[in-house]
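One structure below.
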Amino acid sequence: MIKRKKIFDVLNADDPTNCVLIKGWVRTRRDSKDFSFIELNDGSCLKNIQIIVDNTINNYGEISKLSTGSAVSVKGKVVESQGKGQRWEVRAETMDVISTAPESFPLQKKRHSDEYLRTIAHLRPRTNKYGAVFRIRSEVSYAVHRFFRNRGFSYIHTPVLTGSDCEGAGDLFRVTTLNLEAPPVAKGKIDYTKDFFGKEANLTVSGQLSAEMFALSLGDVYTFGPTFRAENSNTSRHVSEFWMIEPEMAFCDLEENISFAEALLKYMINHVKDNCGDDLNLFANFVDKTLDETLDNILSSDFERLQYIDAIDLLERSGKKFEYAPAFGNDLQTEHERYLTEKYFKKPVVIFNYPKDIKPFYMRLNDDNKTVAAMDVLVPRIGEIIGGSQREERLDMLEKRMDEMGLLKDNYWWYLDSRRFGSVPHSGFGLGFERFMMLVTGVSNIRDVIPFPRTPNNLDF
Ligand code: 4AD
Ligand code: MG
């Protein structure tokens, strides 16, 4: 019995074992007088391997009818290929048909639009482009863990079910086991004490608050998991379920935090360039011709650091007509962010010291009493890719801020405890993993870099 080999391993071997067993799906088949040529793909890499089937093979009748999408198992000899663009090909000794795909298989050999492929999200990873997206996604996930591990960070599994709203934006997905047709009522309101957890529960919007508790215990920690936001915004940069990388570092101030964010972003890009060559080239050739340039520019730039107030000033004086006029006290819009990073600085830009009123309760108040030690990293084509801050470590300031914002301190008693017992300056940030995937592939819609996107009115698959 010979062991199955992945096509990636066969194609990349210096001297492949002579006889191999491979299994995969037929991408195309063409016939000549005496042979059938099959391009086979098993998902292990972008490239197909060519299989040559002699018409003397006993089940040639069945093989010569194989259509795109069918699955086969091939035993054969690896030989040097006469054809262009490939080093090895396989001369089939036997080929078993595992299953066939009829002509109705939607991925026949032609270009399909991204919009159409979204309607068959369960099949799109079988295309070159989406196979490449998801191989890169897997490779970067691995790199993220390696980055942190090399720096002595502990990986914390923060809860998905929570009773708090970290960002305070109210974009929460409620979790309940109450009978929604006839919920229990007390004093004219739904009685959540009867709900599963005895209180209101929701899906997490960020693992930060939990991660902070662990940073104040283990020092340097990170989480990397799914987060959920019920923002009703149908943009190409928002999904309702997305993955976030959130480091949290004790004894770390805003400046160090920014430098760390820059290092992580560069590490991730470098990793993709070094390890995903073939897949990355597909995007540089067919999706975004400026991709190489964009990525090299990020890698070779020192990120610009700019205070929010200076960013507003710069935008106001830019003479550019924005849909939303920039004004102190308002959040930056994507159009502003993109102007700064793409047009003005032409490299990543970190905006810091935002007005406290547009930021969550946990950010550290600056001495001006107006701004907080927040930072956002903006990159070309995407705008905000990272949002973070130095955290308010002073109990009295934090409590004052929570009161101002109308937050119930009782709900955060455990969070406040961390400021009562051995509180230290600490900082962290969240890097949106899908935004990174957009950056590194040049894909322009966030729905196309996550396996099964969740957006308003869309929960298929
Ligand atoms: O700026 P945000 O809201 O920051 C936080 O959640 C902090 N608690 C993180 C922290 O300090 N630990 O979100 C962080 C990043 C954004 O910069 C963006 O890249 C991404 O998460 N993001 C989204 N990505 C896709 N779809 C959405 N709806 C997103 N909302 C935020
Ligand atoms: Mg943000």
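Basis for what follows: all heavy atoms, side chains included, without hydrogens, waters or symmetry-related copies.
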For K370, check salt bridge (charged side-chain N to carboxylate O under 4.0 Å, His left out) against everything at least two apart and list the hits.
none

Atom OH of residue position Y344 - does it have more than 12 heavy atoms of other residues, nucleotides or ligands inside 6.0 Å?
no

Reported CG-to-CD distance for the pair N257 and Q390, which is rounded to 0.5 angstrom
8.0 Å

Could you tell me the separation between the CZ atom of R401 and the CZ atom of R364, rounded to the nearest 0.5 Å?
14.0 Å

Ionic contact status for R420 with E399, cut-off 4.0 Å
yes

Under 3.5 Å, side chain of R338 to main-chain N/O of K343, donor-acceptor pair present?
no

Run N41 and R126 through side-chain hydrogen bond (donor to acceptor under 3.5 Å, both in side chains) and show every step you take.
CA-CA 9 Å; N41 191 286; R126 294 199 204 176; over 6 Å; no

Salt bridge flag under 4.0 Å for residues R118 and D448:
yes

With V379, which of T294, I385, N297 fulfils side-chain contact (heavy atoms from CB on, under 4.5 Å)?
I385

Could you verify whether a donor N or O on one side chain and an acceptor N or O on the other, from R237 and N445, lie under 3.5 Å apart?
no

The test is side-chain contact (heavy atoms from CB on, under 4.5 Å); show your working for K320 and L315 and say whether it passes.
CA-CA 8 Å; K320 192 172 151 50; L315 290 165; over 6 Å; no

Could I get the full list of salt bridge (charged side-chain N to carboxylate O under 4.0 Å, His left out) partners for D292, not counting sequence neighbours?
none

With a 3.5 Å cut-off and sequence neighbours excluded, list the donor-acceptor pairs that the side chains of residues 321-335 form with protein atoms.
{"from": "E335", "atom 1": "OE1", "to": "E323", "atom 2": "N", "distance (Å)": "2.8"}
{"from": "E335", "atom 1": "OE2", "to": "E323", "atom 2": "N", "distance (Å)": "3.2"}
{"from": "E335", "atom 1": "OE2", "to": "Y324", "atom 2": "N", "distance (Å)": "2.7"}

Any chance you could lay out the side-chain hydrogen bond (donor to acceptor under 3.5 Å, both in side chains) test for T162 and N202, step after step, and finish with the verdict?
CA-CA 6 Å; T162 75; N202 52 271; 3.2 Å; yes

Within the distance-only criterion (no hydrogens, no angle test), does the side chain of D9 pair as donor or acceptor with the backbone N or O of K5 below 3.5 angstrom?
no

So the salt bridge (charged side-chain N to carboxylate O under 4.0 Å, His left out) pairs with at least one residue in residues 309-318 (sequence neighbours excluded) are D313-R317

Between the side chains of E342 and R381, is the shortest nitrogen-to-carboxylate-oxygen separation below 4.0 Å, so that they form an ion pair?
no

Within the side chain of R454, is there an N or O that forms a donor-acceptor pair under 3.5 Å with the backbone of S240?
no

Just to verify, what does S99 make a side chain to side chain contact (heavy atoms under 4.5 Å, CB included) with, not counting sequence neighbours?
A71

With sequence neighbours left out, which residue pairs that include part of residues 169-188 fulfil the salt bridge (charged side-chain N to carboxylate O under 4.0 Å, His left out) condition?
R174-E200

Can you list everything that forms a side-chain hydrogen bond (donor to acceptor under 3.5 Å, both in side chains) with D274? Sequence neighbours excluded, please.
none

Does a salt bridge link D403 with K400, judged by any charged N lying under 4.0 Å from a carboxylate O?
no

Using a strict 4.0 Å threshold on nitrogen-to-oxygen distance, state whether E139 and R135 make a salt bridge.
no

For the rings on Y155 and Y222, is their centre-to-centre separation under 6.0 Å?
yes

For F303, is the NZ or CZ atom of R305 found under 6.0 angstrom from the centre of its six-membered ring and inside 45 degrees of the ring axis?
no

From the list T341, L306, V377, side-chain contact (heavy atoms from CB on, under 4.5 Å) partner of V350 resolves to V377

If you measure from the Lys or Arg side-chain nitrogens to the Asp or Glu carboxylate oxygens, is any gap between D296 and K273 under 4.0 Å?
yes

Sorted by chain and number, sequence neighbours left out, side-chain hydrogen bond (donor to acceptor under 3.5 Å, both in side chains) with T235 holds for H238

Output for pair (I22 CD1, L40 CG), nearest 0.5 Å, gives 5.5 Å

Residues N353 and Q307: side-chain donor-acceptor under 3.5 angstrom
yes

Before you tell me yes or no, could you show the steps for F361 and Y412 under ring-ring contact (aromatic ring centres under 6.0 Å, His included), namely the whole-Å CA-CA distance, both residues' side-chain angles and the distance that decides it to 0.1 Å?
CA-CA 12 Å; F361 75 96; Y412 294 87; 5.4 Å; yes

Tell me, please, which residues at least two apart from R419 pass salt bridge (charged side-chain N to carboxylate O under 4.0 Å, His left out).
E212

Verdict with supporting geometry, F260 and F147, ring-ring contact (aromatic ring centres under 6.0 Å, His included)
CA-CA 11 Å; F260 194 72; F147 175 87; 5.5 Å; yes

Which pairs pass salt bridge (charged side-chain N to carboxylate O under 4.0 Å, His left out) with one or both residues in residues 428-438, sequence neighbours excluded?
R137-E434

Hey, mind stepping through E246 and S206 against side-chain hydrogen bond (donor to acceptor under 3.5 Å, both in side chains) and telling me if it holds?
CA-CA 8 Å; E246 295 184 276; S206 159; 2.7 Å; yes

Starting from the C-alpha separation in whole Å, work towards a yes-or-no answer on side-chain contact (heavy atoms from CB on, under 4.5 Å) for M375 and I386.
CA-CA 8 Å; M375 64 94 161; I386 291 177; 4.2 Å; yes

Check whether Y354 forms a cation-pi arrangement with K359 (NZ or CZ under 6.0 Å from the six-membered ring centre, at most 45° off the ring normal).
yes

If the plane angle is over 60° it's perpendicular, under 30° parallel, otherwise tilted; pick one for H122 and F461.
parallel

Start with the C-alpha distance between N285 and L282, add both sets of side-chain angles, then the distance that settles side-chain contact (heavy atoms from CB on, under 4.5 Å), and finish with yes or no.
CA-CA 5 Å; N285 291 331; L282 178 148; over 6 Å; no

With E337, which residues qualify under side-chain hydrogen bond (donor to acceptor under 3.5 Å, both in side chains), at least two apart?
none

L264/F148 under side-chain contact (heavy atoms from CB on, under 4.5 Å): CA gap, chis, key distance, verdict:
CA-CA 9 Å; L264 171 61; F148 286 114; 4.1 Å; yes

Kindly determine whether E393 and Y362 satisfy side-chain hydrogen bond (donor to acceptor under 3.5 Å, both in side chains), including the steps that lead there.
CA-CA 9 Å; E393 85 282 14; Y362 54 72; over 6 Å; no

Looking at residues at least two apart in the chain, or sitting in another chain, which of them share a side chain to side chain contact (heavy atoms under 4.5 Å, CB included) with R146?
Y142, N150, Y267, H271

N270 and L299: which non-hydrogen atoms are nearest, and at how many Å?
OD1-CD1, 3.5 Å

Can D278 and K47 be counted as an ion pair, charged N to O under 4.0 angstrom?
yes

After noting the C-alpha distance and the side-chain angles of E241 and R229, does the key distance pass the salt bridge (charged side-chain N to carboxylate O under 4.0 Å, His left out) rule?
CA-CA 7 Å; E241 175 177 326; R229 296 196 186 177; over 6 Å; no

